[in-house]
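Remember, it's a predicted structure, so these values are computed and weren't measured experimentally. Quick note on labels: first sequence line is chain A, next is B, and so on, each numbered from 1.
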Number of protein chains: 2
Amino acid sequence: MNPLAIPEIVIRRLPLYLRTLKLLQDQGQSVTSSQEIGDKLGISATQIRKDLSYFGEFGKQGTGYDVRYLQEQLQQILQVDSTWNLALIGAGDLGRAILRYSSFEEGGFSIVAVLDRDRDKIGRRIGKLQVLDIAKLPEVIKEHRIQIAIIAVPTNDAQEVADALVNVGVKAILSYAPIPLSLPAHIRVQHIDPLVGLQSMTYYLDPSQR
Amino acid sequence: MNPLAIPEIVIRRLPLYLRTLKLLQDQGQSVTSSQEIGDKLGISATQIRKDLSYFGEFGKQGTGYDVRYLQEQLQQILQVDSTWNLALIGAGDLGRAILRYSSFEEGGFSIVAVLDRDRDKIGRRIGKLQVLDIAKLPEVIKEHRIQIAIIAVPTNDAQEVADALVNVGVKAILSYAPIPLSLPAHIRVQHIDPLVGLQSMTYYLDPSQR
DNA sequence: TAGATTGTTAATCGATTAACAATC
DNA sequence: TAGATTGTTAATCGATTAACAATC
(Lines give C-alpha, C1' and ligand atoms only; values in the text may rest on other atoms or scores of the structure.)
Protein backbone atom coordinates (compact mmCIF):
# COMPACT_ATOMS: atom_id res chain seq x y z
CA MET A 1 0.00 0.00 0.00
CA ASN A 2 2.50 2.57 1.16
CA PRO A 3 5.44 2.44 -1.26
CA LEU A 4 7.73 3.92 1.36
CA ALA A 5 6.87 1.37 4.03
CA ILE A 6 9.95 -0.24 5.43
CA PRO A 7 9.78 -4.01 6.00
CA GLU A 8 9.21 -4.90 9.63
CA ILE A 9 12.01 -7.42 9.44
CA VAL A 10 14.38 -4.53 8.77
CA ILE A 11 13.04 -2.58 11.74
CA ARG A 12 13.62 -5.59 13.95
CA ARG A 13 17.26 -5.77 12.95
CA LEU A 14 18.01 -2.16 13.82
CA PRO A 15 18.06 -2.80 17.59
CA LEU A 16 20.67 -5.49 16.95
CA TYR A 17 22.84 -3.01 15.10
CA LEU A 18 22.39 -0.57 17.94
CA ARG A 19 23.35 -3.23 20.48
CA THR A 20 26.49 -4.04 18.50
CA LEU A 21 27.48 -0.40 18.15
CA LYS A 22 27.14 0.04 21.89
CA LEU A 23 29.45 -2.90 22.42
CA LEU A 24 32.01 -1.46 20.02
CA GLN A 25 31.83 1.92 21.67
CA ASP A 26 32.29 0.40 25.12
CA GLN A 27 35.41 -1.21 23.72
CA GLY A 28 36.65 2.21 22.70
CA GLN A 29 36.30 1.74 18.97
CA SER A 30 35.30 4.86 17.04
CA VAL A 31 34.95 3.55 13.48
CA THR A 32 33.44 0.31 12.19
CA SER A 33 32.28 -1.31 8.94
CA SER A 34 29.24 -3.22 7.77
CA GLN A 35 31.56 -6.22 7.61
CA GLU A 36 32.50 -5.97 11.27
CA ILE A 37 28.96 -5.46 12.51
CA GLY A 38 27.82 -8.34 10.34
CA ASP A 39 30.48 -10.70 11.64
CA LYS A 40 29.39 -10.07 15.20
CA LEU A 41 25.74 -10.69 14.44
CA GLY A 42 25.99 -13.41 11.84
CA ILE A 43 24.39 -11.16 9.23
CA SER A 44 25.87 -10.33 5.81
CA ALA A 45 27.54 -6.95 5.33
CA THR A 46 25.39 -6.34 2.26
CA GLN A 47 22.24 -6.80 4.24
CA ILE A 48 23.32 -4.28 6.82
CA ARG A 49 24.14 -1.70 4.18
CA LYS A 50 20.86 -2.36 2.43
CA ASP A 51 18.92 -2.02 5.69
CA LEU A 52 20.61 1.28 6.50
CA SER A 53 20.00 2.58 2.98
CA TYR A 54 16.25 2.67 3.67
CA PHE A 55 16.93 5.58 5.98
CA GLY A 56 19.80 7.46 4.39
CA GLU A 57 23.56 7.43 3.96
CA PHE A 58 25.47 7.11 7.19
CA GLY A 59 28.90 5.89 6.12
CA LYS A 60 31.93 7.05 4.25
CA GLN A 61 33.32 5.10 1.29
CA GLY A 62 36.65 3.52 2.03
CA THR A 63 36.35 4.24 5.74
CA GLY A 64 33.15 2.83 7.15
CA TYR A 65 30.85 4.19 9.83
CA ASP A 66 31.52 6.47 12.77
CA VAL A 67 30.34 4.37 15.69
CA ARG A 68 28.90 7.22 17.71
CA TYR A 69 27.21 8.90 14.75
CA LEU A 70 25.55 5.74 13.47
CA GLN A 71 24.37 4.99 16.97
CA GLU A 72 22.75 8.40 17.27
CA GLN A 73 21.11 8.04 13.88
CA LEU A 74 19.67 4.62 14.70
CA GLN A 75 18.39 5.90 18.01
CA GLN A 76 16.60 8.70 16.19
CA ILE A 77 15.13 6.33 13.63
CA LEU A 78 13.82 3.98 16.33
CA GLN A 79 12.68 6.98 18.39
CA VAL A 80 14.72 5.96 21.37
CA ASP A 81 16.83 9.13 21.38
CA SER A 82 14.70 10.31 24.27
CA THR A 83 13.11 8.24 27.00
CA TRP A 84 9.78 6.40 27.02
CA ASN A 85 7.98 5.91 30.31
CA LEU A 86 6.95 2.33 30.98
CA ALA A 87 4.51 0.74 33.40
CA LEU A 88 5.31 -2.71 34.71
CA ILE A 89 2.39 -4.91 35.69
CA GLY A 90 3.34 -7.68 38.09
CA ALA A 91 5.68 -7.40 41.06
CA GLY A 92 6.62 -11.05 41.46
CA ASP A 93 10.07 -12.53 40.92
CA LEU A 94 9.97 -11.78 37.25
CA GLY A 95 8.79 -8.22 37.77
CA ARG A 96 11.56 -7.58 40.24
CA ALA A 97 14.19 -8.98 37.89
CA ILE A 98 12.89 -6.78 35.09
CA LEU A 99 13.05 -3.72 37.34
CA ARG A 100 16.64 -4.32 38.21
CA TYR A 101 17.64 -5.06 34.67
CA SER A 102 19.55 -1.95 33.75
CA SER A 103 19.45 -2.33 29.96
CA PHE A 104 16.07 -0.67 29.74
CA GLU A 105 17.50 2.63 30.91
CA GLU A 106 20.36 2.47 28.44
CA GLY A 107 17.97 1.56 25.66
CA GLY A 108 15.67 4.54 25.98
CA PHE A 109 13.15 3.35 28.53
CA SER A 110 12.33 4.14 32.12
CA ILE A 111 10.03 2.04 34.25
CA VAL A 112 8.16 4.68 36.22
CA ALA A 113 5.50 2.54 37.90
CA VAL A 114 4.99 -1.03 39.09
CA LEU A 115 1.49 -2.28 39.73
CA ASP A 116 0.10 -5.49 41.14
CA ARG A 117 -3.25 -6.71 42.38
CA ASP A 118 -1.87 -8.73 45.26
CA ARG A 119 -2.54 -7.04 48.63
CA ASP A 120 0.69 -8.49 50.00
CA LYS A 121 2.76 -6.81 47.33
CA ILE A 122 1.04 -3.43 47.16
CA GLY A 123 2.96 -0.81 49.11
CA ARG A 124 6.20 -2.75 49.11
CA ARG A 125 9.26 -1.01 47.81
CA ILE A 126 11.33 -2.38 44.91
CA GLY A 127 14.36 -0.25 44.21
CA LYS A 128 13.12 3.30 43.91
CA LEU A 129 9.52 2.35 43.25
CA GLN A 130 6.63 1.44 45.50
CA VAL A 131 4.24 -1.21 44.23
CA LEU A 132 0.87 0.38 43.41
CA ASP A 133 -2.60 -1.11 43.41
CA ILE A 134 -3.60 -2.15 39.90
CA ALA A 135 -6.79 -0.22 40.52
CA LYS A 136 -4.76 2.95 40.11
CA LEU A 137 -3.84 2.02 36.54
CA PRO A 138 -5.86 4.78 34.82
CA GLU A 139 -4.32 7.58 36.89
CA VAL A 140 -0.81 6.20 36.56
CA ILE A 141 -1.03 5.89 32.80
CA LYS A 142 -2.40 9.39 32.45
CA GLU A 143 0.02 11.01 34.84
CA HIS A 144 3.14 9.58 33.21
CA ARG A 145 1.80 9.63 29.64
CA ILE A 146 2.55 5.94 29.33
CA GLN A 147 2.12 4.33 25.92
CA ILE A 148 4.04 1.12 26.60
CA ALA A 149 3.52 -1.46 29.34
CA ILE A 150 5.24 -4.65 30.35
CA ILE A 151 3.15 -7.63 31.44
CA ALA A 152 4.84 -9.87 34.00
CA VAL A 153 1.82 -11.45 35.67
CA PRO A 154 0.84 -15.12 35.92
CA THR A 155 -0.32 -16.65 32.64
CA ASN A 156 -3.93 -16.80 33.73
CA ASP A 157 -4.14 -13.07 34.38
CA ALA A 158 -2.31 -11.92 31.28
CA GLN A 159 -5.25 -11.50 28.91
CA GLU A 160 -7.27 -9.61 31.51
CA VAL A 161 -4.37 -7.28 32.24
CA ALA A 162 -3.78 -6.73 28.53
CA ASP A 163 -7.43 -5.77 28.03
CA ALA A 164 -7.24 -3.35 30.94
CA LEU A 165 -4.09 -1.76 29.51
CA VAL A 166 -5.70 -1.23 26.13
CA ASN A 167 -8.74 0.29 27.80
CA VAL A 168 -6.64 2.97 29.46
CA GLY A 169 -4.91 3.87 26.22
CA VAL A 170 -1.71 1.81 26.17
CA LYS A 171 -0.50 1.39 22.59
CA ALA A 172 2.25 -1.21 22.90
CA ILE A 173 2.72 -4.23 25.14
CA LEU A 174 5.76 -6.32 25.95
CA SER A 175 4.41 -9.56 27.37
CA TYR A 176 6.33 -12.17 29.31
CA ALA A 177 3.28 -14.41 29.50
CA PRO A 178 3.61 -17.52 27.33
CA ILE A 179 0.24 -17.20 25.65
CA PRO A 180 -1.00 -15.47 22.52
CA LEU A 181 -2.95 -12.33 23.49
CA SER A 182 -6.12 -11.31 21.65
CA LEU A 183 -5.99 -7.58 21.13
CA PRO A 184 -7.16 -4.97 18.61
CA ALA A 185 -5.02 -4.89 15.48
CA HIS A 186 -3.66 -1.40 16.13
CA ILE A 187 -2.03 -2.45 19.40
CA ARG A 188 1.61 -3.48 19.06
CA VAL A 189 2.54 -6.62 20.96
CA GLN A 190 5.88 -8.32 21.46
CA HIS A 191 6.37 -11.54 23.36
CA ILE A 192 9.31 -12.65 25.41
CA ASP A 193 9.11 -16.42 25.61
CA PRO A 194 12.27 -18.37 26.33
CA LEU A 195 10.55 -21.60 25.35
CA VAL A 196 10.43 -20.57 21.70
CA GLY A 197 14.21 -20.29 21.63
CA LEU A 198 14.79 -23.44 23.62
CA GLN A 199 12.33 -25.58 21.72
CA SER A 200 13.70 -24.49 18.37
CA MET A 201 17.23 -25.37 19.50
CA THR A 202 16.28 -28.86 20.65
CA TYR A 203 15.06 -29.62 17.16
CA TYR A 204 18.68 -29.53 16.04
CA LEU A 205 20.27 -31.31 19.00
CA ASP A 206 21.34 -34.90 19.06
CA PRO A 207 18.85 -36.73 21.29
CA SER A 208 21.07 -39.79 21.65
CA GLN A 209 23.24 -37.90 24.11
CA ARG A 210 20.39 -36.93 26.33
CA MET B 1 22.49 -28.49 0.13
CA ASN B 2 20.20 -30.92 1.87
CA PRO B 3 16.98 -31.10 -0.16
CA LEU B 4 15.05 -32.23 2.89
CA ALA B 5 16.21 -29.42 5.12
CA ILE B 6 13.32 -27.64 6.73
CA PRO B 7 13.55 -23.84 6.85
CA GLU B 8 14.55 -22.56 10.26
CA ILE B 9 11.74 -20.05 10.15
CA VAL B 10 9.33 -22.99 10.10
CA ILE B 11 11.03 -24.61 13.08
CA ARG B 12 10.71 -21.37 15.01
CA ARG B 13 6.97 -21.29 14.45
CA LEU B 14 6.37 -24.79 15.79
CA PRO B 15 6.79 -23.72 19.44
CA LEU B 16 4.10 -21.11 18.85
CA TYR B 17 1.72 -23.76 17.57
CA LEU B 18 2.54 -25.88 20.58
CA ARG B 19 1.90 -22.96 22.91
CA THR B 20 -1.47 -22.34 21.26
CA LEU B 21 -2.47 -25.99 21.44
CA LYS B 22 -1.67 -26.02 25.14
CA LEU B 23 -3.90 -23.01 25.63
CA LEU B 24 -6.73 -24.70 23.73
CA GLN B 25 -6.33 -27.89 25.71
CA ASP B 26 -6.37 -25.99 28.99
CA GLN B 27 -9.64 -24.52 27.83
CA GLY B 28 -10.97 -28.02 27.36
CA GLN B 29 -11.10 -27.97 23.58
CA SER B 30 -10.35 -31.27 21.89
CA VAL B 31 -10.45 -30.36 18.20
CA THR B 32 -9.14 -27.30 16.37
CA SER B 33 -8.39 -26.05 12.86
CA SER B 34 -5.54 -24.31 11.11
CA GLN B 35 -7.88 -21.32 10.91
CA GLU B 36 -8.36 -21.16 14.67
CA ILE B 37 -4.68 -21.56 15.52
CA GLY B 38 -3.83 -18.95 12.92
CA ASP B 39 -6.33 -16.44 14.28
CA LYS B 40 -4.81 -16.68 17.72
CA LEU B 41 -1.29 -16.17 16.44
CA GLY B 42 -1.88 -13.76 13.62
CA ILE B 43 -0.61 -16.29 11.08
CA SER B 44 -2.49 -17.48 8.00
CA ALA B 45 -4.17 -20.87 8.08
CA THR B 46 -2.42 -21.82 4.86
CA GLN B 47 0.95 -21.17 6.37
CA ILE B 48 0.22 -23.40 9.31
CA ARG B 49 -0.91 -26.25 7.09
CA LYS B 50 2.12 -25.79 4.89
CA ASP B 51 4.44 -25.79 7.90
CA LEU B 52 2.91 -28.98 9.26
CA SER B 53 3.07 -30.65 5.86
CA TYR B 54 6.88 -30.70 6.08
CA PHE B 55 6.51 -33.32 8.77
CA GLY B 56 3.49 -35.35 7.75
CA GLU B 57 -0.30 -35.33 7.82
CA PHE B 58 -1.80 -34.66 11.19
CA GLY B 59 -5.34 -33.54 10.44
CA LYS B 60 -8.60 -34.89 9.09
CA GLN B 61 -10.35 -33.25 6.15
CA GLY B 62 -13.57 -31.57 7.12
CA THR B 63 -12.81 -31.89 10.83
CA GLY B 64 -9.46 -30.35 11.64
CA TYR B 65 -6.83 -31.43 14.15
CA ASP B 66 -7.11 -33.37 17.37
CA VAL B 67 -5.60 -30.99 19.89
CA ARG B 68 -3.88 -33.59 22.01
CA TYR B 69 -2.57 -35.60 19.06
CA LEU B 70 -1.11 -32.62 17.24
CA GLN B 71 0.50 -31.49 20.48
CA GLU B 72 2.17 -34.87 20.92
CA GLN B 73 3.38 -34.87 17.35
CA LEU B 74 4.88 -31.40 17.61
CA GLN B 75 6.57 -32.33 20.86
CA GLN B 76 8.14 -35.31 19.14
CA ILE B 77 9.26 -33.25 16.17
CA LEU B 78 10.87 -30.64 18.40
CA GLN B 79 12.28 -33.40 20.61
CA VAL B 80 10.62 -32.06 23.71
CA ASP B 81 8.56 -35.17 24.32
CA SER B 82 11.05 -36.05 27.02
CA THR B 83 12.95 -33.71 29.30
CA TRP B 84 16.25 -31.91 28.70
CA ASN B 85 18.44 -31.08 31.66
CA LEU B 86 19.54 -27.46 31.80
CA ALA B 87 22.25 -25.62 33.71
CA LEU B 88 21.60 -22.05 34.74
CA ILE B 89 24.60 -19.77 35.09
CA GLY B 90 23.94 -16.76 37.28
CA ALA B 91 22.01 -16.70 40.52
CA GLY B 92 21.10 -13.02 40.65
CA ASP B 93 17.59 -11.59 40.40
CA LEU B 94 17.25 -12.73 36.84
CA GLY B 95 18.50 -16.22 37.59
CA ARG B 96 16.06 -16.57 40.45
CA ALA B 97 13.16 -15.40 38.31
CA ILE B 98 14.11 -17.92 35.62
CA LEU B 99 14.25 -20.71 38.19
CA ARG B 100 10.78 -19.97 39.45
CA TYR B 101 9.35 -19.62 36.00
CA SER B 102 7.35 -22.79 35.66
CA SER B 103 6.97 -22.84 31.88
CA PHE B 104 10.31 -24.53 31.41
CA GLU B 105 9.06 -27.67 33.10
CA GLU B 106 5.91 -27.77 31.00
CA GLY B 107 7.92 -27.18 27.87
CA GLY B 108 10.26 -30.13 28.21
CA PHE B 109 13.08 -28.69 30.28
CA SER B 110 14.34 -29.08 33.80
CA ILE B 111 16.89 -26.80 35.38
CA VAL B 112 19.01 -29.20 37.38
CA ALA B 113 21.84 -26.93 38.47
CA VAL B 114 22.48 -23.25 39.20
CA LEU B 115 26.03 -21.96 39.26
CA ASP B 116 27.56 -18.62 40.13
CA ARG B 117 31.03 -17.32 40.80
CA ASP B 118 30.00 -14.98 43.60
CA ARG B 119 31.10 -16.31 47.01
CA ASP B 120 28.06 -14.69 48.60
CA LYS B 121 25.69 -16.62 46.41
CA ILE B 122 27.40 -20.02 46.41
CA GLY B 123 25.76 -22.40 48.85
CA ARG B 124 22.54 -20.45 49.04
CA ARG B 125 19.33 -22.28 48.34
CA ILE B 126 16.92 -21.23 45.59
CA GLY B 127 13.84 -23.38 45.49
CA LYS B 128 15.05 -26.97 45.42
CA LEU B 129 18.54 -26.13 44.24
CA GLN B 130 21.67 -25.00 45.99
CA VAL B 131 23.88 -22.53 44.16
CA LEU B 132 27.12 -24.22 43.10
CA ASP B 133 30.56 -22.76 42.50
CA ILE B 134 31.10 -22.11 38.80
CA ALA B 135 34.36 -24.00 39.22
CA LYS B 136 32.29 -27.17 39.40
CA LEU B 137 30.94 -26.63 35.91
CA PRO B 138 32.74 -29.58 34.25
CA GLU B 139 31.49 -32.14 36.78
CA VAL B 140 27.95 -30.76 36.76
CA ILE B 141 27.71 -30.86 32.99
CA LYS B 142 29.02 -34.38 32.85
CA GLU B 143 26.93 -35.72 35.70
CA HIS B 144 23.63 -34.45 34.32
CA ARG B 145 24.51 -34.90 30.63
CA ILE B 146 23.70 -31.26 30.02
CA GLN B 147 23.69 -30.03 26.44
CA ILE B 148 21.86 -26.76 26.99
CA ALA B 149 22.71 -23.90 29.34
CA ILE B 150 21.09 -20.60 30.22
CA ILE B 151 23.29 -17.53 30.71
CA ALA B 152 21.93 -15.01 33.21
CA VAL B 153 25.12 -13.29 34.31
CA PRO B 154 26.10 -9.61 34.03
CA THR B 155 26.84 -8.46 30.48
CA ASN B 156 30.55 -8.21 31.08
CA ASP B 157 30.86 -11.85 32.11
CA ALA B 158 28.67 -13.31 29.40
CA GLN B 159 31.29 -14.01 26.74
CA GLU B 160 33.62 -15.63 29.24
CA VAL B 161 30.87 -17.85 30.58
CA ALA B 162 29.81 -18.78 27.07
CA ASP B 163 33.37 -19.82 26.21
CA ALA B 164 33.57 -21.91 29.35
CA LEU B 165 30.28 -23.63 28.52
CA VAL B 166 31.44 -24.53 25.04
CA ASN B 167 34.68 -25.88 26.49
CA VAL B 168 32.82 -28.35 28.66
CA GLY B 169 30.70 -29.57 25.78
CA VAL B 170 27.51 -27.53 25.92
CA LYS B 171 25.85 -27.50 22.50
CA ALA B 172 23.15 -24.84 22.86
CA ILE B 173 22.95 -21.60 24.81
CA LEU B 174 20.03 -19.41 25.77
CA SER B 175 21.52 -16.04 26.65
CA TYR B 176 19.83 -13.23 28.52
CA ALA B 177 22.88 -10.98 28.09
CA PRO B 178 22.24 -8.15 25.65
CA ILE B 179 25.39 -8.66 23.58
CA PRO B 180 26.23 -10.74 20.55
CA LEU B 181 28.31 -13.76 21.58
CA SER B 182 31.23 -14.99 19.49
CA LEU B 183 31.06 -18.77 19.39
CA PRO B 184 31.91 -21.64 17.05
CA ALA B 185 29.42 -22.04 14.23
CA HIS B 186 28.16 -25.42 15.42
CA ILE B 187 26.95 -24.02 18.74
CA ARG B 188 23.28 -23.02 18.77
CA VAL B 189 22.59 -19.67 20.42
CA GLN B 190 19.33 -17.91 21.15
CA HIS B 191 19.07 -14.49 22.73
CA ILE B 192 16.40 -13.14 25.00
CA ASP B 193 16.60 -9.38 24.76
CA PRO B 194 13.53 -7.36 25.65
CA LEU B 195 15.10 -4.26 24.12
CA VAL B 196 14.76 -5.68 20.62
CA GLY B 197 11.00 -5.93 21.05
CA LEU B 198 10.65 -2.58 22.76
CA GLN B 199 12.84 -0.68 20.33
CA SER B 200 11.07 -2.11 17.32
CA MET B 201 7.70 -1.10 18.77
CA THR B 202 8.75 2.49 19.42
CA TYR B 203 9.53 2.87 15.74
CA TYR B 204 5.79 2.68 15.10
CA LEU B 205 4.58 4.78 18.03
CA ASP B 206 3.49 8.38 17.84
CA PRO B 207 6.21 10.40 19.53
CA SER B 208 4.03 13.50 19.82
CA GLN B 209 2.21 11.91 22.71
CA ARG B 210 5.31 11.15 24.65
C1' DT C 1 -25.52 -35.20 0.23
C1' DA C 2 -23.64 -30.53 1.54
C1' DG C 3 -20.34 -28.23 4.23
C1' DA C 4 -15.99 -27.98 6.12
C1' DT C 5 -11.29 -28.39 6.20
C1' DT C 6 -7.08 -30.65 4.99
C1' DG C 7 -2.78 -31.23 2.14
C1' DT C 8 -0.42 -29.65 -1.90
C1' DT C 9 0.69 -27.31 -6.20
C1' DA C 10 1.78 -23.37 -8.68
C1' DA C 11 1.92 -18.44 -8.69
C1' DT C 12 3.16 -14.47 -6.33
C1' DC C 13 5.44 -11.82 -3.42
C1' DG C 14 9.26 -10.18 -0.82
C1' DA C 15 13.84 -10.59 1.09
C1' DT C 16 18.68 -11.56 0.38
C1' DT C 17 22.76 -11.35 -2.14
C1' DA C 18 26.09 -10.72 -5.97
C1' DA C 19 28.14 -7.37 -8.44
C1' DC C 20 29.97 -2.98 -9.16
C1' DA C 21 30.33 2.07 -9.79
C1' DA C 22 31.37 5.76 -6.79
C1' DT C 23 34.51 7.80 -3.84
C1' DC C 24 36.99 8.47 0.46
C1' DT D 1 47.66 6.37 -6.49
C1' DA D 2 45.98 1.84 -4.54
C1' DG D 3 43.03 -0.12 -1.25
C1' DA D 4 38.95 -0.15 1.16
C1' DT D 5 34.28 0.26 1.77
C1' DT D 6 29.94 2.41 0.86
C1' DG D 7 25.32 2.72 -1.47
C1' DT D 8 22.49 0.70 -5.00
C1' DT D 9 20.86 -2.06 -8.85
C1' DA D 10 19.49 -6.24 -10.72
C1' DA D 11 19.40 -11.16 -10.20
C1' DT D 12 18.49 -14.83 -7.27
C1' DC D 13 16.61 -17.13 -3.83
C1' DG D 14 13.16 -18.44 -0.62
C1' DA D 15 8.85 -17.81 1.79
C1' DT D 16 3.95 -16.88 1.59
C1' DT D 17 -0.42 -17.35 -0.35
C1' DA D 18 -4.19 -18.38 -3.63
C1' DA D 19 -6.50 -21.95 -5.46
C1' DC D 20 -8.37 -26.36 -5.49
C1' DA D 21 -8.77 -31.45 -5.52
C1' DA D 22 -9.43 -34.80 -2.04
C1' DT D 23 -12.19 -36.44 1.49
C1' DC D 24 -14.10 -36.63 6.11
Side-chain angles (χ1 to χ4, degrees), chain A residues 1-17 20-21 24 29-74 77 196 200 203, chain B residues 1-17 20-21 24 29-74 77 196 200 203:
Chain A
M1 216 163 276
N2 179 357
L4 290 173
I6 289 151
E8 188 168 339
I9 196 165
V10 171
I11 301 299
R12 285 189 61 89
R13 276 193 294 261
L14 301 186
L16 305 181
Y17 302 160
T20 307
L21 290 165
L24 289 168
Q29 201 173 320
S30 63
V31 172
T32 187
S33 66
S34 56
Q35 187 66 53
E36 185 175 41
I37 298 171
D39 285 347
K40 293 206 184 291
L41 291 169
I43 291 177
S44 78
T46 306
Q47 179 155 86
I48 290 170
R49 295 202 302 279
K50 171 85 176 173
D51 285 354
L52 295 177
S53 76
Y54 282 102
F55 305 96
E57 307 187 356
F58 306 107
K60 209 180 264 183
Q61 278 117 324
T63 310
Y65 301 91
D66 181 275
V67 171
R68 172 186 279 277
Y69 176 73
L70 184 54
Q71 223 176 313
E72 285 168 1
Q73 292 300 305
L74 288 176
I77 291 164
V196 174
S200 53
Y203 174 79
Chain B
M1 215 163 277
N2 178 357
L4 289 174
I6 289 151
E8 189 167 339
I9 196 164
V10 171
I11 301 299
R12 285 190 61 88
R13 275 193 295 261
L14 301 187
L16 305 181
Y17 302 161
T20 307
L21 290 165
L24 289 168
Q29 202 173 318
S30 63
V31 172
T32 186
S33 66
S34 56
Q35 186 66 53
E36 185 176 41
I37 298 173
D39 285 348
K40 293 208 183 291
L41 290 168
I43 289 177
S44 78
T46 306
Q47 179 155 86
I48 290 171
R49 296 202 302 278
K50 172 84 176 175
D51 285 353
L52 295 177
S53 76
Y54 282 101
F55 304 97
E57 308 188 356
F58 307 106
K60 208 181 264 183
Q61 279 118 322
T63 311
Y65 301 92
D66 181 275
V67 171
R68 172 187 279 275
Y69 176 73
L70 184 54
Q71 222 176 313
E72 285 168 1
Q73 292 300 305
L74 287 177
I77 291 164
V196 174
S200 53
Y203 174 79

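Residue A:Ser44 has no polar side-chain atom (N or O) positioned under 4.0 Å from OP1 or OP2 of C:dT16.
In this structure, B:Asp51 places its CG atom 10 Å from C1' of D:dT16, rounding to the nearest Å. Rounded to an integer number of Å, the gap from CD1 of A:Ile48 to C1' of C:dT17 is 13 Å. Note: OH (A:Tyr54) to C1' (C:dT16) measures 10 Å, nearest angstrom. The distance between atom CD1 of A:Ile9 and atom C1' of C:dT16, rounded to the nearest whole Å, is 10 Å. When rounded to the nearest whole Å, the span between CD of A:Glu8 and P of D:dA15 equals 18 Å. Distance CD1 (A:Ile37) to P (D:dG7): 11 Å, rounded to an integer number of Å. We find that CZ of A:Arg13 is positioned 16 Å from P of C:dG14, with the value rounded to whole Å. The CZ atom of A:Arg49 sits 14 Å away from the P atom of C:dC20 (whole-angstrom rounding).
Within the 4.5 Å cutoff, the side chain of A:Glu36 has heavy atoms near those of the A:Leu24 side chain. At least one side-chain heavy atom of B:Leu70 sits less than 4.5 Å from a side-chain heavy atom of B:Leu52.
Judged by closest nucleotide on DNA chain C, B:Gly59 is the one of A:Ile43 and B:Gly59 placed further toward the 5' end. Judged by closest nucleotide on DNA chain D, A:Tyr65 is the one of A:Tyr65 and B:Thr63 placed further toward the 5' end.
Contacts of B:Leu52 with the nucleic acid, taken as non-hydrogen atoms under 4.0 Å apart, are absent. Within 4.0 Å of B:Thr46, counting heavy atoms only, lies at least one base atom of the nucleic acid.
Under the 30°/60° scheme for interplanar angles, the aromatic rings of B:Phe55 and A:Tyr203 are found to stand perpendicular.
Which of C:dC24, D:dC24, C:dT8 sits closest to the side chain of A:Gln61 comes down to C:dC24. When the nucleotides C:dA10, C:dT17, C:dT6 are ranked by their closest atom to the side chain of B:Lys50, C:dA10 comes out on top. Comparing C:dT16, C:dC24, D:dT6 by their nearest atom to the side chain of A:Gln47 picks out C:dT16. In this structure, the nucleotide among C:dA10, D:dT6, C:dT6 sitting nearest to the side chain of A:Ser33 is D:dT6.
Of the N and O atoms on the side chains of B:Gln35 and B:Asp39, at least one donor lies less than 3.5 Å from an acceptor on the other residue.
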Practice task
Return one dot-bracket line describing DNA chain D 5' to 3' (Watson-Crick or G-U wobble pairs, both distances under 3.5 Å; ( ) same strand, [ ] crossing, | another strand, . none).
Solution key: ..||||||||||||||||||||||
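With rounding to the nearest 0.5 angstrom, the OG1 atom of B:Thr32 is 10.5 Å from the CG atom of B:Asp66.
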Practice task
Could you walk me through whether A:Tyr17 and A:Lys40 pass the side chain to side chain contact (heavy atoms under 4.5 Å, CB included) test, one step at a time?
Solution key: CA-CA 10 Å; A:Tyr17 302 160; A:Lys40 293 206 184 291; over 6 Å; no
Practice task
Take A:Val10 and A:Tyr54, measure what side chain to side chain contact (heavy atoms under 4.5 Å, CB included) needs, and give me the verdict at the end.
Solution key: CA-CA 9 Å; A:Val10 171; A:Tyr54 282 102; 3.9 Å; yes
